[in-house]
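One structure is given here, and the rest of the page talks about it.
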2 protein chains.
Amino acid sequence: MPRTTRKTDRPDDAASLEAATNAGALGPLHAYVGYALRRAQLAIFQDFIRTLAEVDLRPAQFSVLTLIDAHPGILQSRAAAALGIQKANFVPLIGELERRELTRRVPVDGRSNGMHMTPKGRALLKRARALHDRHHARVTASLGDAELRRLIDVLERLAAVDGAPAH
Amino acid sequence: MPRTTRKTDRPDDAASLEAATNAGALGPLHAYVGYALRRAQLAIFQDFIRTLAEVDLRPAQFSVLTLIDAHPGILQSRAAAALGIQKANFVPLIGELERRELTRRVPVDGRSNGMHMTPKGRALLKRARALHDRHHARVTASLGDAELRRLIDVLERLAAVDGAPAH
DNA sequence: TCATAGTGTTATGGTGTATAACTGTTAGAG
DNA sequence: CTCTAACAGTTATACACCATAACACTATGA
């Protein structure tokens, strides 16, 4: 079978791979914004999940609690839209929080529910915030204050890409 | 595409939502790096997927092809590690690429496979790169060149958080 | 009143990620 | 040389997340 005339019998020796794992031996990949974003987002979410494991809150749950706490009585549909979550996917999310008695739904009219924190939810969120502060400090340890603000600004601009066509 | 429900105007029916839209609609959320990262990463991946739909490559598949192209013969395990993918999850991924005859596995010894591009794979990757260039240009349109480099640098530092305990 | 829009819900499919367990292979210690 | 431990790939499973369609019920307003 006609092997490529590439002399390299070693597909990738340890050194080469070592370089691949750390440095920019990912080929052009290391210059791609989307790729860098995925890696960073994954690493940070992992740290978040581990850090908040003792209050058993995942990022999505924490964000919902934070939003409800900041906006008591907010409607499910509004909250879902604000968080960029489909309303359909929001149902089991808020359902789980309510099952744990952290939030409750209060009917506003016949078709909409306002969401509120329970005392238990507020207490848990307080603990969660303390844990999140540690997480946040660890994550931003390598960033200056101005650098952090610039990062958030850039990320928000990137999130507005939205080239979605109409269906 | 969920952006369509996002209202930029102010329906002054819900006071809580009202407050939400101006002074940091999301409460403290807008200052959290992880949250901003998730939103940006989601938006960019959506754009990526739509842009590369005509070559039917998802981000993970594109990254694998790019890596193999840059490192012909790289082992599955090495590639998976370099991309931060579990080796178990890498199997159906590379399996699909091989089924489409874009890559092929060449046994190096009895237990390991080197991965290579097929001519068909190289041709598709070339097309994919052209599409990706358009995507990349659109994504980074609002960024200066220096800003982009700084962003990548910051993201790579963030990806190195890794407070993970031994696995 | 009655068509229309809004709200929440169920159901379903696809994708990504993590973990455990298993097979076969290689390498190394004794 | 043998035997054990580590390695590479694979299978199976479980869960979280994201997207879409279809539905029931309610509110709105022409």
Side-chain angles (χ1 to χ4, degrees), chain A residues 11-12 14 17 34-35 37-39 41-46 48-50 52-53 56-64 74-81 83-98 105-115 164 166-167, chain B residues 1-5 7 11 13-14 17 34-35 37-39 41-46 48-50 53 56-64 73-81 83-96 98 105-115 164-167:
Chain A
D12 244 319
L17 194 277
Y35 183 76
L37 267 175
R38 168 181 166 267
R39 297 299 296 263
Q41 193 258 347
L42 219 49
I44 289 183
F45 266 43
Q46 293 293 343
F48 182 102
I49 292 171
R50 273 190 314 104
L52 274 79
D56 192 20
L57 287 181
R58 304 189 50 84
Q61 297 172 317
F62 179 75
S63 68
V64 171
I74 188 172
L75 302 185
Q76 288 186 215
S77 53
R78 300 283 197 184
L83 293 173
I85 300 175
Q86 304 297 321
K87 60 178 181 169
N89 298 327
F90 198 78
V91 175
L93 186 50
I94 184 65
E96 171 66 11
L97 294 178
E98 189 159 346
R105 280 178 268 216
V106 176
V108 172
D109 58 29
R111 61 182 171 180
S112 57
N113 299 323
M115 298 187 299
H167 275 316
Chain B
M1 28 190 124
R3 277 298 67 73
T4 55
T5 54
K7 303 212 159 204
D13 53 344
L17 204 279
Y35 183 77
L37 267 175
R38 166 179 168 268
R39 299 297 295 263
Q41 193 257 347
L42 219 49
I44 289 183
F45 266 42
Q46 293 294 340
F48 182 103
I49 293 171
R50 274 190 315 103
D56 192 21
L57 286 181
R58 303 189 51 83
Q61 297 172 317
F62 179 75
S63 69
V64 171
I74 188 172
L75 302 186
Q76 289 186 214
S77 53
R78 299 286 197 183
L83 293 172
I85 301 175
Q86 303 297 321
K87 60 178 180 170
N89 299 328
F90 199 77
V91 175
L93 186 50
I94 184 66
E96 171 65 11
E98 190 158 346
R105 279 176 267 215
V106 177
V108 172
D109 60 28
R111 61 182 170 179
S112 56
N113 298 324
M115 299 187 299
H167 13 281

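When the side-chain nitrogen and oxygen atoms of A:R58 are compared with OP1 and OP2 of D:dC15, none of them lie within a distance under 4.0 Å. Between A:R105 and C:dT9 there is a side-chain N or O to OP1 or OP2 distance below 4.0 Å. Contact check, A:Q76 against C:dT7: no side-chain N or O comes under 4.0 Å of OP1 or OP2.
Across all strands, B:I85 comes closer than 4.0 Å to no nucleic acid atom at all (heavy-atom distances). Within the 4.0 angstrom heavy-atom criterion, only backbone atoms of the sugar-phosphate kind lie near A:Q46; the bases stay farther away.
The nearest whole Å value for the distance from the CZ atom in A:F90 to the P atom in C:dG8 is 9 Å. Regarding B:L83, its CG atom lies at a distance of 14 Å from the C1' atom of C:dT17, rounded to whole Å. Whole-Å rounding puts the A:I49 CD1 to C:dT19 P distance at 10 Å. Spacing between atom CG of A:N89 and atom P of C:dT15 amounts to 16 Å, rounded to whole angstrom units.
Not a single donor-acceptor contact under 3.5 angstrom links the side-chain atoms of B:N113 to the base of D:dA8.
In terms of position on DNA chain D, the residue among B:R38 and B:P92 whose nearest nucleotide sits closer to the 5' end is B:P92.
Annotation: side chain of A:Q76 is in contact with side chain of A:M115 (closest heavy-atom distance under 4.5 Å). The shortest distance between side-chain heavy atoms of B:F45 and A:L37 does not fall below 4.5 Å.
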Legend entry - Annotated protein contacts, base or backbone, on nucleotides 24-30 of chain D with a non-hydrogen cut-off under 4.0 Å, one of B, S, - each: --BS---

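Each of C:dT7, D:dT20, C:dA20 was ranked by its minimum atom distance to the side chain of A:Q86; first place goes to D:dT20. Proximity note for B:K87 (side chain, C-beta onward) versus C:dT9, D:dG9, D:dA12: the nearest is D:dG9.
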